[in-house]
Amino acid sequence: MAEKKNASVYYGTGKRKSAIARVYITSGEGKVVINGKDAKEYFPYDTNVVILNEPFGVTDNAGKFDVKAFVKGGGFSAQAEAVRLGIARALINVTEEYRKPLRTAGLTTRDARAKERKKYGLKAARRAPQWSKR
């Protein structure tokens with residue numbers, strides 16, 4: 001049986017649009033693994049990797065924690081923001097001192113914006129059919 005390390009595991013859940021991320025952080029050298037792949041392999045754009053590493057920059061913890069995230073649903077941008085929220089919540093579980101800087105940076109608030117439903121008689125949520133006078 002494998003030996004268990006003495007490191008503690010901290011958990012945080014993040015959501016954005018229809019993306020849901022389960023994030024586990026442990027003390028380490030800064031590896032970020034998402035759904036079994038490295039973050040740079042998983043996300044097609046570098047901006048997504050920058051977005052999910054934001055909480056570490058705010059709390060001066062860059063390279064101090066390893067991240068293992070399982071994310072499903074949504075697109076790549078929504079998934080990156082869901083992982084970011086999960087990391088922020090996990091860091092708050094590490095110590096309460098991180099709550100204030102993460103809060104002032106706006107990283108602890110869940111972005112509740114989602115796609116508006118289509119209404120009957122319309123082509124989309126608010127797009128009406130073209131109007132003809134005659």
Nearest 0.5 Å please: distance from the [atom1] atom of [X] over to the [atom2] atom of [Y].
{"X": "Arg99", "Y": "Leu91", "atom1": "CZ", "atom2": "CG", "value": "11.5 Å"}
{"X": "Asn93", "Y": "Tyr98", "atom1": "CG", "atom2": "OH", "value": "12.5 Å"}
{"X": "Thr95", "Y": "Asn61", "atom1": "OG1", "atom2": "CG", "value": "10.0 Å"}
{"X": "Thr13", "Y": "Ile20", "atom1": "OG1", "atom2": "CD1", "value": "9.0 Å"}
{"X": "Lys72", "Y": "Arg22", "atom1": "NZ", "atom2": "CZ", "value": "6.5 Å"}

Taking ring-ring contact (aromatic ring centres under 6.0 Å, His included) as the definition, give me every residue that meets it alongside Tyr10, ordered by chain and number, with sequence neighbours left out. none
Suppose we screen for ring-ring contact (aromatic ring centres under 6.0 Å, His included). Which residues come up paired with Phe70, at least two apart in sequence or across chains?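 Checked Phe70 against ring-ring contact (aromatic ring centres under 6.0 Å, His included); zero matches.
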Contact summary for [X] and [Y], nearest pair of heavy atoms:
{"X": "Pro55", "Y": "Arg84", "result": "CG-O, 3.6 Å"}
{"X": "Ala39", "Y": "Ile34", "result": "CB-CD1, 4.1 Å"}
{"X": "Val23", "Y": "Ala69", "result": "CG2-CB, 4.1 Å"}
{"X": "Asn48", "Y": "Ala80", "result": "O-CB, 3.7 Å"}
{"X": "Ala78", "Y": "Arg16", "result": "O-CB, 3.5 Å"}
{"X": "Pro129", "Y": "Gly121", "result": "CD-O, 3.5 Å"}

Same apolar cluster (I L V M F W Y, side chains within < 4.5 Å links), [X]/[Y]:
{"X": "Val67", "Y": "Ile51", "value": "no"}
{"X": "Leu52", "Y": "Val50", "value": "no"}
{"X": "Leu85", "Y": "Val49", "value": "no"}

Angle between ring planes, Phe76 versus Tyr42, binned at 30° and 60°: parallel, tilted or perpendicular? perpendicular
Could you tell me whether Tyr11 atom OH has more than 12 heavy atoms of other residues or ligands within 6.0 Å of it?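 Counting other residues, nucleotides and ligands, OH of Tyr11 exceeds 12 neighbours.
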Take atom CD in Glu97; do more than 12 heavy atoms of anything else shown fall under 6.0 Å from it? no
Going by the salt bridge (Lys or Arg N to Asp or Glu O under 4.0 Å) test, which pairs reach into residues 29-50, not counting sequence neighbours?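 Checked against salt bridge (Lys or Arg N to Asp or Glu O under 4.0 Å) - neighbours excluded - no pair reaches residues 29-50.
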Under a single-linkage rule joining Ile, Leu, Val, Met, Phe, Trp and Tyr whose side-chain heavy atoms are separated by less than 4.5 Å, which residues share a cluster with Trp131?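 Hydrophobic cluster check, Trp131: no partners found.
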Could you tell me which residues satisfy salt bridge (charged side-chain N to carboxylate O under 4.0 Å, His left out) with Arg113, sequence neighbours excluded, listed by chain and number?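 Partners of Arg113 by the salt bridge (charged side-chain N to carboxylate O under 4.0 Å, His left out) criterion, ordered by chain and then number, come out as Asp111.
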May I have the list of side-chain donor-acceptor pairs in residues 101-110 shorter than 3.5 Å, sequence neighbours left out?
residue	atom	partner	partner atom	Å
Arg103	NH1	Thr108	OG1	3.4
Arg103	NH1	Thr109	OG1	3.3
Thr104	OG1	Lys100	O	3.2
Thr104	OG1	Pro101	O	2.9

Residue pair Phe65 / Val94, side-chain heavy-atom distance below 4.5 Å: yes
